[in-house]
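Here the structure is laid out as structure tokens; the discussion comes afterwards.
Values below: all heavy atoms of this structure, side chains included; hydrogens, waters and symmetry mates excluded. Keep in mind it's a predicted model, so treat the numbers as computed, not measured.
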Amino acid sequence: MEREIAVTLSNGIRKSIAKGTKLQDLADEEAVAAQVDGALVDLSRTIENEASISFVSIHSKKGLEILRHSSAHVMAHAVKELFPTAKLTFGPSTDTGFYYDFDYERPFTPKDLEMIEKRMSEIVKEDLPFVRQEVSKEEAIKTFEALGERYKVEHLEELPDRVSIYRQGTFMDLCGGPHLPSTGRIKAFKLLSVSGTYWRGDARNQVLQRIYGTAFPEPQGLEDYLHMLEEARKRDHRKLGRELDLFSISEEAGPGLIIYHPKGAMLRTILEDFERREHLRRGYQIVIGPQLLRLDLWKQSGHFENYRDKMYFTKVEDSEYGIKPMNCLSHMLIYKSQIRSYRDLPLRYFELGTVHRHEKSGELHGLLRVRGFTQDDAHILCRPDQLNDEICGILDFVDDVMRMFGFRYEMELSTRPEKSIGSDEDWERATQALLNALRGKGLSFEINEGEGAFYGPKIDVKLKDALGRSWQCATIQADFAMPERFDLTYVGSDGQRHRPVMLHRVILGAMERFIGVLIEHYAGAFPVWLAPVQAILLTVTERHIPYAEKVWQELMQKGIRVEKDFRNEKLGFKIREAQIQKIPYMLVVGDREEKEGTLSPRRRTGEAMRGMKVEEFINQIRSEYPSL
RNA sequence: GCCCACGUAGCUCAGUCGGUGGAGCACUUCCUUGGUAAGGAAGAGGUCAUCGGUUCAAGUCCGAUCGUGGGCUCCA
């Protein structure tokens, strides 16, 4: 007999409905799934008991995940039909789309992708319902064994006794769900690429073929995403780095090693000058350590034990040395060079420290992942009671700098990894210190279990560039272990020796990576204060060269980074070239300017300005410098 | 490091069935002296990544090595 039950909807309204009502019948058009008493379920579920219900919109983060996960199922469906011997493994959604890994005898080709995509469209058009079925584990194992899906069977062995299977048409997959009501809800999707991967991500396992795709609730979303990819390709720092003549990576010199050309070196110098100034303003002291330190020291620090794979070693007159992968050692030696009083602390040592790490060849990527890089590194040695203030100071520093470059950012707290040094108690204290600072400042963050450095937990700052992609740059690491290992002490007000705490931190991170991110963020059109070339002088004809030469000298003497293009070419041609070089100001010099003693600036935005005196132009440029 | 793809002039890219390698841009010279995104002409430029193999003959087919790209894994 039918019975009424009371449910609470997400808008707080209580409603009386018939027992056994399908969620589908309560949902609006945008809903793709529901949360019933917090549990995510399909819309095909019925309601049997009093519950609080909210619907998951296809436009929400969760809804988008469901759409994409269902798209992965549709892709697997198409693949199984076209390539019946392919074996299913996993197919989750990702931040930007979805993928599915298959075990197949050969890699999929772009042509295969086209075919799969076409078949997917048909499956979508057929509007097949996703049907959920709960079965016992034994039954599921039998089913998938019969289909020869050995990866599914392997996975099943780790699952609880009741599992769910989803079907659409003839396709079935082991899956927790939930899924869209039907395949027809997939309005826009595209397959993007294929690549190799391994069963369970382990290189010792079977090689799998991964197909990547993406899906959106509306065609416009897909179009925007593809447009973003195209934009990202145009902004690729490797492409712009060559076009703007900033840097190169030479096969002869070695992979992962950056060669800065004059403009790239200028850009880096500007950033480094900025960094020195800002650190001095904040009570840091600049220090410089050597590239090579004796192996014994790396053994003492634990680097040899925990970081050896990434280090380079060399021998000098029978002594073993390690090339530094981090800057902390010499900073600790500086600390140890005298007896420290509690009154001396905190000590903040800053170094633009160049380090070398052996990154695996497949991990290298332009400026973003290299083998030799320079960190804006600092080590702060302080008393335990100063720790919170110091961490907060760094968080403020990060915020100031990121704001200035126009980056938004997110934070993550990483905790103790398996391979690590130090006592449990110290790890607890260090982690707590970072947590307290984050909470004290009311900052939001996520937690990454087991992702910390080997000597301490860390706060990582992931900045988001103009295209919404995130990059790890700044990091703050609390370390009780190194001071212990090196027996760092200070004399307290009680006359006793005490152990200081060490903070490792970087703000921009690595200059190489940060410059790579900057190039993409600004699409190569750097703001005036950062632009390696701020202005270029363009003569209208050859007879203006003597005057232009005088102006050039003056601008250069006044510290403007100015180039000249006095070639025998038409003005339009020179403007075009300067434009492509993304130089902020083009300074036109012809009869008029010569007579008036001026120059006529044109911004790279296309805006032409009236004749200006040199002084006036310099003030114009200076007015565009940011203040911090 | 692993999987797959790729490597032709400084750059972007053609090069068919194995039969003595091309274009555009850039560069050099000449003509042109032109006011806000490409004036014209001529010239020069290559160990087809490297090494080896198959073949009468290899940019082209095969193998190895190096490098690059997309992923995996890892990270500043």
[N] phosphate, OP1 or OP2, under 4.0 Å from [X] side-chain N/O:
X: A:His504; N: B:A76; result: no
X: A:Tyr307; N: B:C75; result: no
X: A:Arg567; N: B:A26; result: no
X: A:Arg242; N: B:U12; result: yes
X: A:Gln472; N: B:A76; result: yes
X: A:Arg238; N: B:G69; result: yes
X: A:Arg602; N: B:A37; result: yes
X: A:Lys570; N: B:A37; result: no

Ring centres under 6.0 angstrom apart ([X], [Y]):
X: A:Tyr284; Y: A:Tyr349; result: no
X: A:His521; Y: A:Phe407; result: yes
X: A:His155; Y: A:Phe90; result: yes

Is [X] touching bases, backbone alone, or none of the nucleic acid, heavy atoms closer than 4.0 Å?
X: A:Gln581; value: nothing
X: A:Asp591; value: base
X: A:Lys462; value: nothing

In whole angstrom, give me the gap between the [atom1] atoms of [N] and [M].
N: B:C6; M: B:C13; atom1: C1'; value: 14 Å
N: B:U16; M: B:C72; atom1: P; value: 35 Å
N: B:C48; M: B:G52; atom1: P; value: 13 Å

- Query: Any donor and acceptor pair, going by atom type alone, linking the side chain of A:His303 with main-chain N or O of A:Leu329 inside 3.5 Å?
  - Reply: no
- Note on the structure: For B:C6, the nucleotide meeting Watson-Crick or G-U wobble distances (both under 3.5 Å) is B:G67
- Ring centroids of A:Phe573 and B:G39 base under 5.5 Å with planes under 30°: no
- Of A:Leu508 and A:Tyr212, the one whose closest nucleotide on RNA chain B sits nearer the 5' end is A:Tyr212
- Between A:Thr197 and A:Val370, the residue closer to the 5' end of RNA chain B by nearest nucleotide is A:Thr197
- Query: A:Lys595 and A:Asp591: salt bridge (Lys or Arg N to Asp or Glu O under 4.0 Å), yes or no, with the steps?
  - Reply: CA-CA 6 Å; A:Lys595 199 164 131 236; A:Asp591 286 337; over 6 Å; no
